[in-house]
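To keep things clear, I will list the structure first and then write my remarks on it.
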Amino acid sequence: MTRIVTVLTEGFADWETALINAVGRSFYGFTTEFATPGGRPVRSSGGMLVTPDMAMEGIDAVEFDAILVCGGTAWRSPDAPETGPLIMEAREVGTVVGLICDATWAAARAGALDDVRHTSNGAGYLDETGYQGKALYVNTAGAASHHGVVTAAGTSPVAFMSAVMEALGLADANLDYYVGLHAAQFQKSVRRAA
């Protein structure tokens, strides 16, 4: 059974990892767990209170098929949790790493995006982290996936969900259908008079 853990911080962006957890748990039978710094409850940007399953510091990457880091305002603060060692451990043991929105900023600051193609919230967004991976930045509205590291802008939760599923080797017709349901809202429709 596929097991994933999502790291949340105070002020996390509710929408960014909701789809991958919902699709994984409801349609693919994943075990979904949540971790926070110190194992403390956190409140999302939308006000949702989450009591985690574990402390972020207690995650053993080898026990999970994927580790997702949800974006939010905490990652750019001076006292942001340190994610570098967890991300690098996950990469070493072959665990998929998913980073969305400001989680990419934290990963870049830790040097975890220096050697993989990646994306974020826009070209130049990660520059002030001082990271060495700028030449590998992919300017896309979707997601980027390279060597088990999936990245996306905070405005791309559907693409993020799809790319994580693909990285887990679970891309199938059901996933295509589910992505299509979410993409349908962007198709132009013509209203005809009767």
Side-chain angles (χ1 to χ4, degrees), residues 1-9 12 16-25 27-40 42 50 52-72 74-75 80-120 126 129-138 142-153 156-157 159-172 175:
M1 177 179 290
T2 302
R3 185 179 180 202
I4 64 174
V5 62
T6 302
V7 176
L8 306 173
T9 56
F12 72 93
E16 292 177 352
T17 56
L19 285 174
I20 182 61
N21 280 290
V23 167
R25 185 169 187 264
F27 297 104
Y28 288 84
F30 289 9
T31 297
T32 56
E33 299 176 54
F34 298 88
T36 64
R40 293 180 297 277
V42 293
V50 174
D53 299 295
M54 68 188 75
M56 179 185 85
E57 300 81 2
I59 296 172
D60 182 354
V62 76
E63 294 181 4
F64 293 93
D65 298 289
I67 296 173
L68 311 177
V69 185
C70 189
W75 296 117
E82 177 56 57
T83 59
L86 176 61
I87 293 168
M88 297 313 274
E89 177 194 359
R91 291 186 58 193
E92 286 173 19
V93 300
T95 298
V96 171
V97 175
L99 307 159
I100 187 165
C101 195
D102 278 346
T104 62
W105 204 90
R109 186 180 59 207
L113 299 180
D114 288 350
D115 62 347
V116 292
R117 285 187 303 277
H118 60 278
T119 194
S120 185
L126 303 175
T129 66
Y131 84 124
Q132 303 300 305
K134 187 172 182 171
L136 295 171
Y137 185 84
V138 178
S145 183
H146 190 214
H147 294 311
V149 178
V150 177
T151 53
S156 302
F160 181 69
M161 177 267 302
S162 180
V164 169
M165 294 295 286
E166 287 179 27
L168 287 168
L170 298 171
D172 61 11
L175 179 62

Closest heavy-atom pair and its distance - A167, V150: CB-CG2, 3.9 Å
From CA spacing to verdict: side chain to side chain contact (heavy atoms under 4.5 Å, CB included), T83, W75: CA-CA 10 Å; T83 59; W75 296 117; 3.2 Å; yes
Using the rule given for side chain to side chain contact (heavy atoms under 4.5 Å, CB included), can you reason through V7 versus I59, listing the C-alpha separation, both sets of side-chain angles and the distance that settles it, and then say yes or no? CA-CA 10 Å; V7 176; I59 296 172; 3.9 Å; yes
Minimum heavy-atom distance A143-A163, with the two atoms named: CB-CB, 3.8 Å
Mind listing the closest non-hydrogen atom pair of A74 and A80 along with its distance? O-CB, 3.3 Å
When you compare the side chain of L175 with that of L170, does any pair of heavy atoms fall below 4.5 Å? no
When every non-hydrogen atom of C70 is compared with those of L8, the smallest separation belongs to CB-CD2, 3.7 Å
So, taking the atom named CG in L86 and the one named CD1 in I67, what distance separates them when rounded to the nearest 0.5 Å? 4.5 Å
In a check of side-chain contact (heavy atoms from CB on, under 4.5 Å) between T151 and each of L126, I100, L99, which one passes? L99
From T2 OG1 over to M165 CE, what is the distance, rounded to the nearest 0.5 angstrom? 7.5 Å
Please evaluate residues T95 and E89 with respect to the criterion side chain to side chain contact (heavy atoms under 4.5 Å, CB included), reporting the C-alpha separation (whole Å), side-chain torsions for both, the decisive distance (0.1 Å), and the verdict. CA-CA 8 Å; T95 298; E89 177 194 359; over 6 Å; no
Contact between E166 and S145 at the side-chain level, heavy atoms closer than 4.5 Å - yes or no? no
Taking the side chain from D65 and the backbone from R3, do they hold a donor-acceptor pair closer than 3.5 Å? yes
Between the main-chain N or O of P37 and the side-chain N or O of E57, is there a donor-acceptor pair closer than 3.5 Å? no
Check whether any side-chain N or O of Q132 sits under 3.5 Å from a backbone N or O of G130 as a donor-acceptor pair, and report yes or no. yes
Do any N or O atoms from the side chain of E33 and from the backbone of D53 form a donor-acceptor pair under 3.5 angstrom? no
Between the CG atom in D114 and the OH atom in Y131, the distance rounded to the nearest 0.5 Å is 8.5 Å
Examine distances only and state if a side-chain atom of R91 and a backbone atom of H147 form a donor-acceptor pair shorter than 3.5 Å. no
What's the separation between atom OG1 in T32 and atom CZ in F64, rounded to the nearest 0.5 Å? 10.5 Å
Does a side-chain heavy-atom distance below 4.5 Å link L168 with F30? yes
Using the side-chain contact (heavy atoms from CB on, under 4.5 Å) rule, pick out the option among V138, V116, L136 that qualifies with H146. V116
Checking side chain to side chain contact (heavy atoms under 4.5 Å, CB included) for the pair Y137/H118: CA distance, chi angles, key distance, verdict? CA-CA 5 Å; Y137 185 84; H118 60 278; 3.8 Å; yes
Which heavy atom in A110 sits nearest to a heavy atom in G84, and how many Å separate them? CB-CA, 3.4 Å
In short, A35 meets A55 closest at the heavy-atom pair CB-C, 4.1 Å
Below 4.5 Å, heavy atoms only, C-beta onward: do T36 and F12 meet side chain to side chain? no
